[in-house]
Each structure stands twice: as C-alpha cells, then as structure tokens.
Amino acid sequence: MHLKTRVPARRVLREDVADAIRNSIMVGELRRGSRLDVTGLAADLDVSQLPVREALIALAAEGLVRAVPRRGYYVEEIDPVDVLDHYEIYGKISGIAAARASRLMTNQSIDELQALNDRMRTVEDPSQQEELNNEIHRRINRVGASRRLRSVLRPLSHGMDVRFGVIIPGWQSNAADEHDAIIAALRDRDAETARSTMEHHLSVNGQRAVDALTGAGFFVTSDEEGAAP
C-alpha cells in the first residue's frame with residue numbers, strides 16, 4: 001500500500017486558513033467579541049469546514065480566538081501588552097537563533113540575505129515586502145535555530161501577525177535598515193550584536209504594531225467593556 005500526501009496538504013490548508021483569519025482579526029475586519037461562524041468562514045474562504053475548525057483551534061491556542069462551550073468561537077479581546085509581550089518573546093528567541101547563525105552562516109548565505117533585503121527596500125507591493133521580510137527571518141532561523149527553537153519560533157512567527165506593509169507607514173524602510181544592522185553583525189561574526197539587533201528589531205516592531213492598531217481602533221475601549229460573551 002502506498003500512502004498519499006493528504007495529511008501534509010490538509011495541514012498546509014489549515015495554516016493558510018489560520019493566516020487568513022488571523023490577518024482579518026489583526027487588521028480589524030473581524031472585531032473583538034464577534035462570533036466566528038464556521039460555515040460562513042468556510043464559504044468565504046472556499047474551503048470545507050474541517051480546515052476552518054482546525055484553524056480556529058490553533059488560533060485559540062495563540063490567544064486570538066476564544067472557544068465558548070456550546071456557543072462556538074469568538075474573537076478574543078487583545079490588549080496592547082499582549083502584542084508587546086508577543087514580539088518581546090519572539091525577539092528573545094529569534095535573538096538566540098541569530099547569535100548562533102553568526103557563527104554558522106556562510107558568507108554566500110549572508111550575501112543572499114543582503115540581496116533579499118535590498119530587494120525588499122525597492123518593491124512596492126506590501127505582500128512582496130512582507131514575504132521578503134519573512135524569508136530573511138526564515139533563513140536566519142533555519143541556520144541558527146535548533147529543532148527545539150524552531151518548534152517555538154514557528155507559532156511565534158505567525159501569532160499576532162500584523163500586515164506591517166499595509167497599516168504601518170514607513171515600515172519597509174525602517175525594517176530594511178534594521179535588517180542591515182543584523183546582516184552586518186552576521187557578517188562580522190559578532191554573536192552578541194546579532195542577538196541584540198534582532199531583539200531590538202522585533203521588539204520595536206511590536207511597538208509599531210501597537211501604535212498602528214491603536215490608531216485603527218483595534219483595541220477595546222472602556223465603552224466596549226463587557227461586549228464579548
């Protein structure tokens with residue numbers, strides 16, 4: 001008997017669905033306290049209900065969604081400190097990977113990072129900017145992170161995902177400048193600077209996210225307290 005690749009395909013689909021719902025939450029399309037209808041989401045995303053349910057379970061583990069027994073799933077209330085803490089933790093773990101990558105990454109790989117960052121600086125499409133940004137971080141993590149670190153970094157890289165290129169003015173240029181500092185530390189084989197610049201990069205992105213989301217009215221106000229079930 002030959003096994004087919006159905007399980008990995010479903011896993012990828014679940015992650016794609018989770019990304020779509022997560023982004024809708026983080027840009028305010030799905031508001032705090034709103035009920036997440038599985039049937040409606042499946043229809044909107046043109047998928048079956050199974051990957052939607054799997055995605056909602058994953059998002060509940062991230063703290064973006066709350067499961068209410070016999071009532072379904074609701075968008076969870078998120079405070080600014082939740083976002084700040086997420087990026088602070090993400091920065092600490094990514095810093096460990098960057099420090100190790102400074103000792104392990106080849107000169108050619110560092111040159112490729114620089115080329116990706118140079119391209120990120122020039123592209124105009126926000127989705128391309130974000131994909132290039134993610135690829136830079138993926139490559140550093142792939143070299144510097146152990147299996148244990150990768151298991152922690154994977155959900156952190158998706159959780160609290162903000163469409164930086166869409167909602168944060170000047171994000172592209174600032175992020176590219178910060179990447180330059182990280183890449184320079186990697187090239188100098190300076191583990192401590194690689195660690196600290198990576199931590200700073202992600203921590204400051206957390207503050208940028210909070211500022212942008214606050215401006216978009218994402219966070220709950222005193223008038224909205226008690227609105228969620």
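The basis for the numbers below is simple: all heavy atoms, side chains too, and nothing from hydrogens, waters or symmetry mates.
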Step by step, work out the salt bridge (Lys or Arg N to Asp or Glu O under 4.0 Å) result for Asp211 and Arg208.
CA-CA 5 Å; Asp211 292 344; Arg208 288 173 183 144; over 6 Å; no

Could you grab the distance from atom [atom1] of [X] to atom [atom2] of [Y], nearest 0.5 Å is fine?
X	Y	atom1	atom2	value
Leu202	Ser157	CG	OG	10.5 Å
Glu112	Ile183	CD	CD1	11.5 Å
Arg187	Asp180	CZ	CG	10.0 Å
Ser94	Leu153	OG	CG	5.0 Å
Ser196	His201	OG	NE2	13.0 Å
Asn134	Leu116	CG	CG	11.5 Å

To check you understand the geometry: which heavy-atom pair defines the closest contact between [X] and [Y], and what is its length?
X	Y	value
Ala176	Met120	N-CE, 4.3 Å
Ala185	Thr197	CB-OG1, 4.5 Å
Ala209	Tyr87	CB-CE1, 4.4 Å
Arg154	Ser151	NH1-CA, 3.9 Å
Val17	Ala55	CG1-CB, 3.7 Å
Arg150	Ala145	NH1-O, 2.6 Å

For [Y], does its backbone N or O pair with a side-chain atom of [X] as donor and acceptor, under 3.5 Å?
X	Y	value
Gln172	Val123	yes
Arg66	Glu76	no
Asn117	Leu113	no
His86	Leu156	yes
Ser203	Glu199	no
Arg35	Tyr74	no

Under a 4.0 Å N-O cut-off, is there an ion pair linking Glu131 with Arg138?
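So Glu131 pairs with Arg138 through a salt bridge.
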
Tell me whether Arg119 at atom CZ has more than 12 heavy atoms from other residues, nucleotides or ligands lying less than 6.0 Å away.
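For Arg119, atom CZ is not crowded (no more than 12 foreign heavy atoms under 6.0 Å).
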
Do [X] and [Y] have side chains that approach each other closer than 4.5 Å (heavy atoms only, starting at C-beta)?
X	Y	value
Ser146	Arg100	yes
Leu59	Ile21	yes
Leu186	Gln114	no

Angle between ring planes, His137 versus His179, binned at 30° and 60°: parallel, tilted or perpendicular?
perpendicular

Applying the 4.5 Å side-chain criterion to the ILVMFWY set and letting contacts propagate, would [X] and [Y] be lumped into a single cluster?
X	Y	answer
Leu149	Ile89	yes
Val38	Leu30	yes
Val204	Val210	no

How would you list, by chain and number, every residue that makes a side chain to side chain contact (heavy atoms under 4.5 Å, CB included) with Ala98, sequence neighbours excluded?
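For Ala98, the residues satisfying side chain to side chain contact (heavy atoms under 4.5 Å, CB included) (neighbours in sequence not counted) are Ile140, Ala194, Met198.
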
Sorted by chain and residue number, the side chain to side chain contact (heavy atoms under 4.5 Å, CB included) partners of Ala58 (sequence neighbours excluded) come out as none

Residue that, paired with Tyr73, satisfies side chain to side chain contact (heavy atoms under 4.5 Å, CB included) out of Val65, Val52, Asp37:
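Among Val65, Val52, Asp37, the one that satisfies the side chain to side chain contact (heavy atoms under 4.5 Å, CB included) with Tyr73 is Val65.
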
Under 3.5 Å donor-acceptor pairs involving side-chain atoms of residues 42-51, not counting sequence neighbours:
residue: Gln49; atom: OE1; partner: Arg53; partner atom: NH2; Å: 3.3
residue: Gln49; atom: NE2; partner: Thr39; partner atom: OG1; Å: 3.4

In sequence, state the C-alpha distance, the side-chain angles, and the governing distance for Arg121 and Asp118, and then conclude on side chain to side chain contact (heavy atoms under 4.5 Å, CB included).
CA-CA 5 Å; Arg121 208 178 237 109; Asp118 290 344; 4.2 Å; yes

Going by distance alone, is a donor N or O of one side chain under 3.5 Å from an acceptor N or O of the other, for Asn174 and Glu178?
no

Do Ser102 and Asp190 pass the side chain to side chain contact (heavy atoms under 4.5 Å, CB included) test, and can you show the C-alpha distance, the side-chain angles, and the key distance before you say yes or no?
CA-CA 6 Å; Ser102 72; Asp190 185 339; over 6 Å; no

